[in-house]
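Remarks on the structure that follows.
Index from 1, following the sequence.
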Amino acid sequence: MKQALLIGLAAIAVIASTSWAEIQTQIVNYQDGNVQLEGFLAWDNAMQGPRPGVLVVHQWKGLGDYEMRRARELAQLGYVAFAIDMYGKGVRPETAEEAGKLAGIFKNDRALTRTRAAVGLGVLESNPLTADQPIAVIGYCFGGMVALELARSGAPIAGTVSFHGSLDTPHPEDASHIQGKVLALQGADDPYAPPAQVEAFQKEMRDAHVDWQFISYGGSVHAFTDPGAGNDPSKGAAYNAAADRRSWQAMKDFFAEIFSPK
């Protein structure tokens, strides 16, 4: 009887511990001038005290389930993750044509891109859970372009990770303003980041003396981390489970380096 009671109490303790360790999430309303924005915050409330933050930038169809899942996964790793909104509250394109038009606005106006991303960074910086802690930024596809532009703006970020992102910029000279380290994770056969763009990016990083890494995944095309991209590489965008797993591990190793005590 006593043994059964002890087992029962242990089970209750495990359940309580699991419940307490659940990842917490919150919708965060903020704004850039007159534009209302809606981001997604995730953190582990079982952890005590401030911890590094990670800004997450969405793909071209806006902040959705994919980015929110990534934010939760980052919270499970012990970070405070904030998935930002580049387009505006409720602005979530449903078709590739709509997404292309919206993404094109930012691609053609890098000043707007940097400003909108910086507003999201400010939200994460002001969170008590990231007080005096380093912050990194990661981005997927369109979000990779945004993350790199934020770094080129000279924003105080410890590291930048671009997953199958657009690497080009009209202002390569601005790479000299990058304060942290850079990790670019690309599909070797990505038609949206052809060899000329890759070479130009690497030259940009090299000329600016940035601490950078570039990893190319063989057999992978665009959007290789997104299961929603399908499984037909001939279309130029497709999920690749191996590249997804390897790139996430590369990001974790990168974070272990940039967030380690100096």
Side-chain angles (χ1 to χ4, degrees), residues 23 25 39-40 42 54-77 79 81 83-87 91-107 136-149 160-168 182-202 213-255:
I23 299 303
T25 63
F40 179 83
V54 181
L55 205 67
V56 182
V57 192
H58 56 72
Q59 303 181 61
W60 71 338
K61 286 193 174 181
L63 175 56
D65 292 341
Y66 177 78
E67 293 78 19
M68 290 189 283
R69 172 172 70 85
R70 291 303 191 185
R72 292 189 190 94
E73 290 173 344
L74 287 163
Q76 290 173 341
L77 293 177
Y79 306 119
I84 66 173
D85 175 11
M86 291 293 292
Y87 292 161
V91 181
R92 303 292 182 265
E94 296 183 0
T95 67
E97 182 180 5
E98 293 173 349
K101 289 180 179 178
L102 271 173
I105 292 172
F106 291 89
K107 187 174 179 62
V137 57
I138 72 172
Y140 295 87
C141 301
F142 162 80
M145 180 274 290
V146 175
L148 289 170
E149 285 299 328
T160 302
V161 184
S162 171
F163 290 88
H164 42 80
S166 177
L167 305 172
D168 66 319
V182 172
L183 173 62
L185 304 165
Q186 296 292 121
D189 302 319
D190 187 343
Y192 301 104
Q197 186 181 118
V198 170
E199 291 173 9
F201 171 76
Q202 294 182 349
Q213 301 175 58
F214 187 97
I215 301 177
S216 182
Y217 297 101
S220 299
V221 290
H222 195 62
F224 60 78
T225 67
D226 184 6
N231 58 7
D232 185 357
S234 70
K235 294 182 177 180
Y239 179 65
N240 184 300
D244 180 22
R245 182 184 68 253
R246 291 166 180 168
S247 62
W248 188 255
Q249 183 61 51
M251 179 208 70
K252 291 196 294 184
D253 294 342
F254 182 69
F255 283 172

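- Gly219 and Asn240 get closest at one heavy-atom pair: O-ND2, 3.6 Å.
- In plain terms, the two heavy atoms of Ser166 and Leu148 that are nearest each other are O-CD1, 3.9 Å.
- Considering all non-hydrogen atoms of both residues, Phe255 and Leu74 come closest at CE1-CD2, 4.0 Å.
- The aromatic rings of Tyr140 and Tyr66 lie perpendicular to each other, with more than 60° between the two planes, well past the 30° mark.
- Gln249 CD: more than 12 foreign heavy atoms inside a 6.0 Å radius.
- The backbone N or O of Trp60 lies less than 3.5 Å from a partner atom in the side chain of Tyr87, making a donor-acceptor pair.
- Counted within 6.0 Å of NZ on Lys252, heavy atoms from surrounding residues, nucleotides or ligands total more than 12; the atom is thus considered enclosed.
- Under the 30°/60° scheme for interplanar angles, the aromatic rings of Phe201 and Phe214 are found to be tilted.
- Ion pairing between a basic and an acidic side chain is recognised when a charged N comes within 4.0 Å of a carboxylate O; Asp85 and Arg92 show such pairing.
- Heavy atoms only, all atoms of each residue included: Thr225 and Ser247 are closest at CG2-OG, 3.8 Å.
- Qualifying side chain to side chain contact (heavy atoms under 4.5 Å, CB included) partners for Ile215, counting only residues two or more places apart in sequence or in other chains: Leu183, Leu185, Tyr217, Ala250.
- Taken to the nearest 0.5 Å, the CZ atom of Arg72 stands 10.0 Å off from the CD1 atom of Ile23.
- From Asp168, atom CG reaches atom NZ of Lys107 across 3.5 Å, with rounding to the nearest 0.5 Å.
- Contact record, His58 with Phe142: O-CD2, 3.5 Å, taken as the closest heavy-atom pair.
- The side-chain hydrogen bond (donor to acceptor under 3.5 Å, both in side chains) analysis of residues 182-195, with sequence neighbours excluded, yields the pairs Asp190-His222.
- Residues Asp65 and Met68 have side chains in contact (heavy-atom distance under 4.5 Å, counting atoms from C-beta outward).
- Here the closest heavy-atom approach between residue Lys61 and residue Glu94 is recorded as NZ-O, 3.2 Å.
- A salt bridge is defined here as a Lys NZ or Arg NE, NH1 or NH2 lying under 4.0 Å from an Asp or Glu carboxylate O, and Glu67 with Arg70 fails to meet this definition.
- To the nearest 0.5 Å, atoms CZ (Arg245) and CZ (Phe224) are separated by 12.5 Å.
- Between Met251 atom CE and Ile138 atom CD1 the span is 5.5 Å, to the nearest 0.5 Å.
- A 4.5 Å side-chain heavy-atom check between Ile84 and Val57 finds at least one atom pair inside the cut-off.
- Atoms CD and NZ, on Glu97 and Lys101 in that order, are 4.5 Å from each other to the nearest 0.5 Å.
- For Ala188, the side chain to side chain contact (heavy atoms under 4.5 Å, CB included) partners at least two apart in sequence or on another chain are Ser216.
- A distance of 4.5 Å separates CZ of Phe106 from CE of Met86, quoted to the nearest 0.5 Å.
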Please report the C-alpha distance between Asp226 and Gln59 in whole Å, then the side-chain angles of each, then the deciding distance to 0.1 Å, and finally whether the side-chain contact (heavy atoms from CB on, under 4.5 Å) criterion is met.
CA-CA 10 Å; Asp226 184 6; Gln59 303 181 61; 3.4 Å; yes
